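These notes concern the structure reproduced below.
Given the structure is predicted, the values throughout are model-derived calculations rather than measurements.
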Amino acid sequence: MEKVDNKDLEMKFQQKIDQDIKIEPNDWMPDNYRDTLIRQISQHAHSEVVGMLPEGNWITRAPNLRRKAVLLAKVQDEAGHGLYLYSAVETLGADREDTIDDLHSGKAKYSSIFNYPTLTWADMGAIGWLVDGAAIMNQVPLCRCSYGPYARAMVRVCKEESFHQRQGFEVMTKLAAGTPEQKEMAQDALNRFWWPALMMFGPNDAESKHTEQSMKWKIKRHTNDELRQQFVDVTVPQVEMIGLKVPDEDIKWNESKSGYDYGAINWDEFWQVVGGNGPCNQERVDARRKAKENGSWVVEAATAFANKRMKKTA
């Protein structure tokens with residue numbers, strides 16, 4: 001049997017990438033490409049599932065039935081996103097439970113934004129508007145990711161995230177136009193979530209270890225700093241439109257770059273949170289670990305039932 005040169009395979013693989021031909025699960029791919037996708041998609045899945053926790057905390061305290069129903073639907077969507085993405089990870093040969101165990105052990109990361117507490121109802125608006133808005137900015141280009149299953153999953157995820165962003169913006173708009181106390185609550189939520197939302201896009205390009213290779217493979221289409229700039233340029237006018245103030249004294253329009261200049265991000269805080277030392281890191285991981293432990297009997301029962309049915313039909 002003729003031996004195939006890996007260099008030849010890598011060249012043909014990159015040619016497919018360059019021609020925007022999707023890579024599918026049974027196609028040959030470099031180990032590093034597979035490993036990068038497993039890391040990125042599993043961490044994306046973890047972020048969707050962990051992201052349910054700060055919002056789920058407010059379901060019973062939503063101010064009216066409509067808000068409760070909308071928040072329930074949003075949390076349910078996030079669970080679905082996690083399932084889509086865990087399934088996409090499995091197409092790469094990874095074991096779903098192993099990736100979840102990596103989350104519980106601290107080996108795998110998730111979006112740093114979910115390690116901040118939700119103190120008021122306005123935080124539900126800030127998360128929907130800013131956090132899901134930042135997610136859309138990051139995830140829409142992923143619909144054109146070179147890996148087929150991930151790209152296709154992101155099409156539906158982005159449609160639902162768009163609903164979440166509008167829901168959050170509506171909450172903040174109503175609060176900002178309400179009583180002085182409600183407007184103050186909205187401004188406080190914006191103050192606390194603005195900078196963590198900017199950190200969501202990851203470290204600046206000079207410190208990002210994966211961006212260059214991910215862009216060559218067309219897993220990513222934009223750098224972290226490019227996406228962060230797009231988010232600022234879109235969001236600042238929205239803040240001003242509803243009568244709130246961006247919590248950044250350095251924010252100003254820069255005509256030469258047709259975008260906003262903004263202040264320095266506290267990267268020490270970012271790395272502290274990523275390293276497990278944020279306000280809610282331990283609480284979030286403990287909650288997910290307990291959920292798996294407390295739900296293990298359901299998995300065992302379902303597996304036993306499925307095995308029993310298979311024996312009957314065999």
- Query: Any donor-acceptor pair under 3.5 Å linking the side chain of D132 with the backbone of S162?
  - Reply: no

- Message: Using only atom types and a distance under 3.5 Å, with no angle test, would you say the side chain of T211 pairs donor to acceptor with the backbone of T223?
- Response: no

Determine whether more than 12 heavy atoms belonging to other residues, nucleotides or ligands lie under 6.0 Å from atom [atom1] of [X].
| X | atom1 | answer |
| --- | --- | --- |
| N64 | CG | yes |
| K292 | NZ | yes |
| E249 | CD | no |
| E207 | CD | yes |
| K308 | NZ | no |
| D31 | CG | no |

Beyond-backbone contact of [X] with [Y], side-chain heavy atoms, under 4.5 angstrom:
| X | Y | value |
| --- | --- | --- |
| E78 | E161 | yes |
| W195 | N266 | no |
| E55 | T118 | no |
| M199 | E269 | yes |
| I23 | W28 | no |
| L130 | F231 | yes |
| I265 | R228 | yes |

- Which residue pairs satisfy the ring pair (Phe, Tyr, Trp, His ring centres under 6.0 Å) criterion with at least one member in residues 103-147, sequence neighbours excluded? W129-F169

Between [X] and [Y], does any side-chain donor sit less than 3.5 Å from a side-chain acceptor?
| X | Y | answer |
| --- | --- | --- |
| Q229 | D233 | yes |
| H164 | Q167 | no |
| N191 | Q187 | yes |

To the nearest 0.5 Å, how far apart are [atom1] in [X] and [atom2] in [Y]?
| X | Y | atom1 | atom2 | value |
| --- | --- | --- | --- | --- |
| N281 | K109 | CG | NZ | 8.5 Å |
| R61 | L71 | CZ | CG | 10.5 Å |
| Y86 | T99 | OH | OG1 | 5.5 Å |

- Message: Could you see if V70 belongs to whatever hydrophobic cluster contains L72? Use Ile, Leu, Val, Met, Phe, Trp, Tyr and a side-chain cutoff under 4.5 Å.
- Response: no

- Taking a hydrophobic cluster as the set of Ile, Leu, Val, Met, Phe, Trp and Tyr residues connected by side-chain heavy atoms closer than 4.5 Å, whether directly or through intermediates, do L190 and L119 fall within one such cluster? no

- Message: Checking K74 against D77 for the salt bridge (charged side-chain N to carboxylate O under 4.0 Å, His left out) test, could you report, in this order, the C-alpha distance in whole Å, the side-chain angles of both residues, the deciding distance, and whether it holds?
- Response: CA-CA 5 Å; K74 184 175 189 285; D77 285 348; over 6 Å; no

- May I have the step-by-step check of side-chain contact (heavy atoms from CB on, under 4.5 Å) for M52 and H81, ending in yes or no? CA-CA 11 Å; M52 297 163 60; H81 298 171; over 6 Å; no

Please list, chain by chain and in numerical order, all residues satisfying side-chain contact (heavy atoms from CB on, under 4.5 Å) with [X], sequence neighbours excluded.
| X | answer |
| --- | --- |
| D188 | R192 |
| E90 | S87, R96 |
| C158 | Q139, V140, C143, M154 |

- Query: Hey, what's the ring geometry for W217 with Y33, parallel, tilted or perpendicular (30° and 60° as the breaks)?
  - Reply: perpendicular

- Item | Worked verdict on E97 versus I100 for side-chain contact (heavy atoms from CB on, under 4.5 Å) | CA-CA 5 Å; E97 294 305 315; I100 293 172; 4.1 Å; yes

With sequence neighbours excluded, tell me which residues meet ring-ring contact (aromatic ring centres under 6.0 Å, His included) with [X].
| X | result |
| --- | --- |
| Y260 | W253 |
| Y262 | none |
| W271 | none |

Could you list the residues that satisfy salt bridge (Lys or Arg N to Asp or Glu O under 4.0 Å) with [X], not counting sequence neighbours?
| X | value |
| --- | --- |
| E240 | none |
| K216 | none |
| R289 | D286 |
| K252 | none |

- Message: Tell me whether E24 is salt-bridged to R152, with the criterion being a basic N under 4.0 Å from an acidic carboxylate O.
- Response: yes

- Given the rule in the salt bridge (charged side-chain N to carboxylate O under 4.0 Å, His left out) test, do E170 and K174 qualify, once you have shown the distances and angles that lead to the verdict? CA-CA 6 Å; E170 185 208 13; K174 291 288 187 183; 5.2 Å; no

- Check step by step if side-chain contact (heavy atoms from CB on, under 4.5 Å) holds for E48 and Y84. CA-CA 10 Å; E48 298 285 355; Y84 300 151; over 6 Å; no

- Residues at least two apart in sequence or cross-chain that pass side-chain hydrogen bond (donor to acceptor under 3.5 Å, both in side chains) with R34, listed by chain then number, are none

- What's the verdict on side-chain contact (heavy atoms from CB on, under 4.5 Å) for L53 and R288, showing C-alpha distance, side-chain angles and the deciding distance? CA-CA 9 Å; L53 298 174; R288 292 311 310 157; 4.0 Å; yes

